[in-house]
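Just so you know, ligand 1 is whichever comes first in the structure, and atom 1 is the first atom listed for that ligand.
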Amino acid sequence: MSSVIEKGLPATAANAGAKARTEDAAVIDGFHLVIDALKLNDIDTIFGLPGIPITDLTRMAQAEGMRVISFRHEQHAGNAAAAAGFLTQKPGICLTVSAPGFLNGLTALANATTNCFPMILISGSSEREIVDLQQGDYEEMDQLAIAKPLCKAAYRVLHAEDIGVGVARAIRAALSGRPGGVYLDLPAKLFAQTLDAAAGRQSLIKVVDPAPRQIPAPDAVKRALDLLKTAKRPLILLGKGAAYAQADAEIRALVEKTGIPYLPMSMAKGLLPDTHELSASAARSHVLAEADVVMLVGARLNWLLSHGKGKTWAAEKGPKQFIQIDIAPTEIDSNVAIAAPLIGDIGSCVSALLAGIDASWPKAPADWTGGIAERRTKNQAKMAANLAARPSPMSFQSALGVIREQVKARPDAIVVNEGANTLDFARSIVDMYEPRKRLDVGTWGIMGIGMGFAVAAAVVTGKPVIAIEGDSAFGFSGMEVETICRYNLPVCVVVFNNNGVYRGTDVNMGGGADVAPTVFVKGARYDKLMEAFGGVGVHATTADELQAGLAQAIASGRPTLINAVIDETAGTESGRITKLNPLSAAMKK
Ligand SMILES: Cc1ncc(C[n+]2csc(CCOP(=O)(O)OP(=O)(O)O)c2C)c(N)n1
Ligand SMILES: [Mg+2]
C-alpha cells in the first residue's frame with residue numbers, strides 16, 4: 001500500500017490543502033482510502049474535472065502515481081471513462097464535483113449503461129443533513145436518487161471504513177453480467193474522516209473475479225448447434241458485446257470453421273478484418289432479408305437492427321430463426337421470438353459451440369456464400385469509383401477514401417466517429433482490421449462522444465487516434481482539443497466541414513435574417529481552434545491536402561486538427577435514418 005499518509009505529498013503551494021493532512025503518520029484519511037481502494041484494484045487512471053469537494057482528491061491521486069486526466073467539461077471525462085472501460089474491461093473512472101458537475105457526467109453514465117460499457121461515476125456531494133432537509137447547501141442535490149434510474153447501480157459511502165466496500169461493490173456492479181455504469185456518491189465530509197492506518201488498510205477489498213465466466217448450459221449449446229446445422233442461409237451477427245468480450249480468436253474460429261458469413265455492427269468492425277472473405281458488410285440488406293437462421297453474438301435486436309422485424313428482415317417471407325448469445329437472460333425475446341437462447345459470457349458460449357463443431361461440420365452452402373461474394377465485388381467496384389474521384393469541394397467519399405487508405409496503412413490506429421452523414425459514410429467506407437479499433441455513437445446515436453473517446457483511446461492504448469467528426473458533432477466536445485494538446489496526445493481530428501447539421505444549404509422557412517436551424521457559419525476554420533493551443537491546424541480543401549495532413553499527423557503523433565472542406569450540398573437529412581423523422585400527418589396529405 002503506497003499511499004498511507006506517512007509517505008507525504010510534495011509541499012507546494014498548489015497542494016497546501018492536501019499537505020495539511022500529511023502530518024499524522026498513524027492515520028489514513030478518506031481521500032487516501034479512495035485512492036488506495038482504486039489502486040488495489042489495478043485502476044490507474046482517473047478522468048475528471050476538479051472543484052469542491054474533490055480537488056484535493058485529484059492532486060493526491062496524482063501524487064500517489066495515478067494518471068489524472070483533467071477535462072474541460074465533465075461529459076467528456078465521462079465519455080472517456082466509458083471508452084476506457086470498453087477498451088480495457090476495467091471500469092473507467094470519472095470524477096466530478098457535486099450537482100452541476102455530477103449532472104454533466106450523468107449523460108455519459110447513462111450512455112455507458114445503454115452501451116454496456118463499464119464505468120464508475122464518482123461525484124463529491126454536499127452535506128446530507130442539509131440536502132435532505134432542502135436547506136439550500138452549496139451545490140445541493142440528491143444525486144443518489146437522480147442517478148439511480150439512469151445507471152446499473154448506485155451507492156453512497158458515509159463512513160471512511162466503508163470506502164473499501166463501496167469501491168468493491170461499484171467495480172463488481174460495473175463489470176459483472178452485462179457491464180454498465182455505476183454511480184458512487186462520496187459526500188464532502190467523507191474525505192476528511194480518518195481511520196487508524198492499519199485498520200484502514202484492512203478495510204480495503206481487492207475484488208476477486210469481478211466478471212466471473214458464465215458457462216452456458218449443455219442443452220442450450222446443443223439446441224443452438226442443432227438449429228445452426230439445419231440452416232441453408234445462415235448468418236452470424238456480431239455486436240459490440242462480442243468486441244468487448246475479447247474472445248477474438250474464438251469468434252474468428254467460429255466463423256471460419258463453419259464458413260458462415262458474418263455481419264459486424266459498427267463497433268464490432270475489425271473483430272475479423274473487414275476484408276475477410278466471409279464479411280457480408282457489402283451485402284447487408286441482402287443477407288438480412290435472405291438469411292434463414294441468424295446467430296446474434298453480443299448484438300441486441302434493437303432499432304439498429306429494425307427490431308428483427310419488418311421489411312429489413314423480409315418478414316413477409318415468414319419469420320427467421322434466431323440463436324442469441326447474450327450474458328443477460330432478459331434480453332431474449334425482447335423483440336422477436338428467439339428459438340435458441342445461449343446464455344453465458346461470449347467467450348464461454350463460443351468455445352462451447354466450437355467444441356461441438358468438428359471437421360465433419362457442413363460448411364455454409366456455396367450458393368449462399370457465393371451470392372454474397374458476388375454482391376460484395378459489385379458494391380466494391382461501385383464504391384471504388386466514388387473514392388477515387390477528385391471533386392472540388394471534396395465529397396464525403398473522396399475525403400473518406402483518403403482516411404480509408406491511412407487506416408489500411410496503420411491498422412493499429414483507433415478510429416473515433418460521429419456525425420450523421422460523416423458517420424454513415426465512414427462506417428461503410430473505412431475498413432477496420434483489428435478488434436476494438438472503432439469507437440462511435442453507439443446504441444443511442446449520441447453526438448458528443450468524439451473528443452472524450454479520442455482522449456481515452458490515446459491514453460489507454462498509446463496508439464494513434466483518428467477522430468472522424470461531422471462539424472456539428474465536433475462542436476459538442478470541441479473545447480477538449482485543449483485537453484488533447486495539454487497531454488500532447490497522438491490524436492488527429494478530421495472535421496468534415498459541410499457548414500451544418502446534415503448539410504449547409506437549408507434556408508430559413510420564415511424568410512427572416514436568421515439562418516436555418518441546421519446551418520452554421522460558412523467556411524469556419526476549425527483548424528485555428530487546434531492552433532490556439534499549440535497543436536497543428538490544417539485547412540484541407542482537396543483530397544491531396546487531407547492526405548498530406550493526415551500522414552504527417554500519424555507520423556509525428558502531434559495533436560492535429562484537419563478542417564476538411566466538404567461539399568455543403570452533399571449530405572442527406574439525418575444520414576441514413578431519414579425515415580425516423582416524424583412527418584406530420586397533415587403534411588403527408
Ligand atoms: C446529443 C445529441 N444531440 C443531437 C443529436 C441529433 N443529431 C444527430 S446527427 C447530428 C449532427 C449531424 O451533423 P454533422 O455532425 O455535421 O454531420 P453531417 O451529417 O453534416 O456529416 C445531430 C445534431 C444527437 N444525435 N445527439
Ligand atoms: Mg455537418
Heavy-atom gap [X] to ligand 1 smaller than 4.0 Å:
| X | result |
| --- | --- |
| F396 | yes |
| Y502 | yes |
| G475 | no |
| F476 | yes |
| G448 | no |

Tell me the contacting part of N498 for ligand 1: side chain, backbone, both, or neither, using a 4.0 Å heavy-atom threshold, strictly below.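 It is the side chain that gets close, since no backbone atom is under 4.0 Å.
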Can you report which non-hydrogen protein atom sits closest to [atom], along with the distance?
| atom | result |
| --- | --- |
| atom 16 (O) of ligand 1 | D471 OD1, 2.6 Å |
| atom 25 (N) of ligand 1 | G445 O, 2.8 Å |
| atom 21 (O) of ligand 1 | T422 OG1, 2.6 Å |
| atom 11 (C) of ligand 1 | S472 OG, 3.3 Å |

Heteroatom distance test ([X], ligand 1): nitrogen or oxygen, under 3.5 angstrom:
| X | result |
| --- | --- |
| G419 | no |
| V501 | no |
| E418 | no |
| M447 | yes |
| A473 | yes |

Looking at [Y] and [X], is there a salt bridge between them, counting it only when a charged N and a carboxylate O are closer than 4.0 Å?
| X | Y | result |
| --- | --- | --- |
| D567 | R503 | no |
| K408 | D274 | no |
| R300 | E331 | no |

Over all heavy atoms of both residues, which pair between L304 and T443 is shortest? Give the atoms and the distance, please. CD1-CA, 4.0 Å
Restricting to non-hydrogen atoms, name the atom on V465 and the atom on A457 that form the minimum distance, rounded to 0.1 Å.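 Where V465 meets A457 most closely, the heavy atoms are CG2-CB, 3.8 Å.
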S574 versus Y502: any side-chain heavy-atom pair under 4.5 Å?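 Of all side-chain heavy-atom pairs linking Y502 with S574, at least one is under 4.5 Å.
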Does V402 reach the side chain of L387, with side-chain heavy atoms less than 4.5 Å apart?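 No. Closest side-chain heavy atoms not under 4.5 Å.
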Take atom 6 (C) of ligand 1 and look for protein heavy atoms under 4.0 Å from it; say yes if you find one, no if not. no
Can you tell me if N498 has an N, O or S atom under 2.8 Å away from the Mg ion (ligand 2)?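 Checking the Mg ion (ligand 2) against N498, an N, O or S atom does fall under 2.8 Å.
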Under 2.8 Å: N/O/S of F496 next to the Mg ion (ligand 2):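 So F496 does not count as coordinating the Mg ion (ligand 2).
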What N/O/S atom of D471 is the closest to the Mg ion (ligand 2)?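 D471's closest N, O or S atom to the Mg ion (ligand 2) is named OD1.
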Evaluate the ring planes of F496 and F396, with Trp represented by its six-membered ring, and classify them as parallel (under 30°), tilted (30 to 60°) or perpendicular (over 60°). parallel
From atom 18 (P) of ligand 1, work out which of I468, N421, T107 has a heavy atom at the shortest distance. N421
Evaluate the criterion side-chain hydrogen bond (donor to acceptor under 3.5 Å, both in side chains) for residue pair R427 and N417; output intermediate values, then yes/no. CA-CA 8 Å; R427 187 178 54 229; N417 190 196; over 6 Å; no
NZ or CZ of R576 within 45° of F425 ring axis and under 6.0 Å: yes
For A420, the ligand 1 atoms with a heavy-atom partner under 4.0 Å come out as 9 (S), 12 (C), 17 (O), 18 (P), 19 (O)
Centres of the Y155 and Y183 rings: under 6.0 Å?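 Between Y183 and Y155, which both carry aromatic rings, the centre distance is not below 6.0 Å.
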Whether the N386 and S398 side chains hold a donor-acceptor pair (N or O, under 3.5 Å, no angle test) is what I'd like checked.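 Note: N386 and S398 side chains miss the donor-acceptor criterion.
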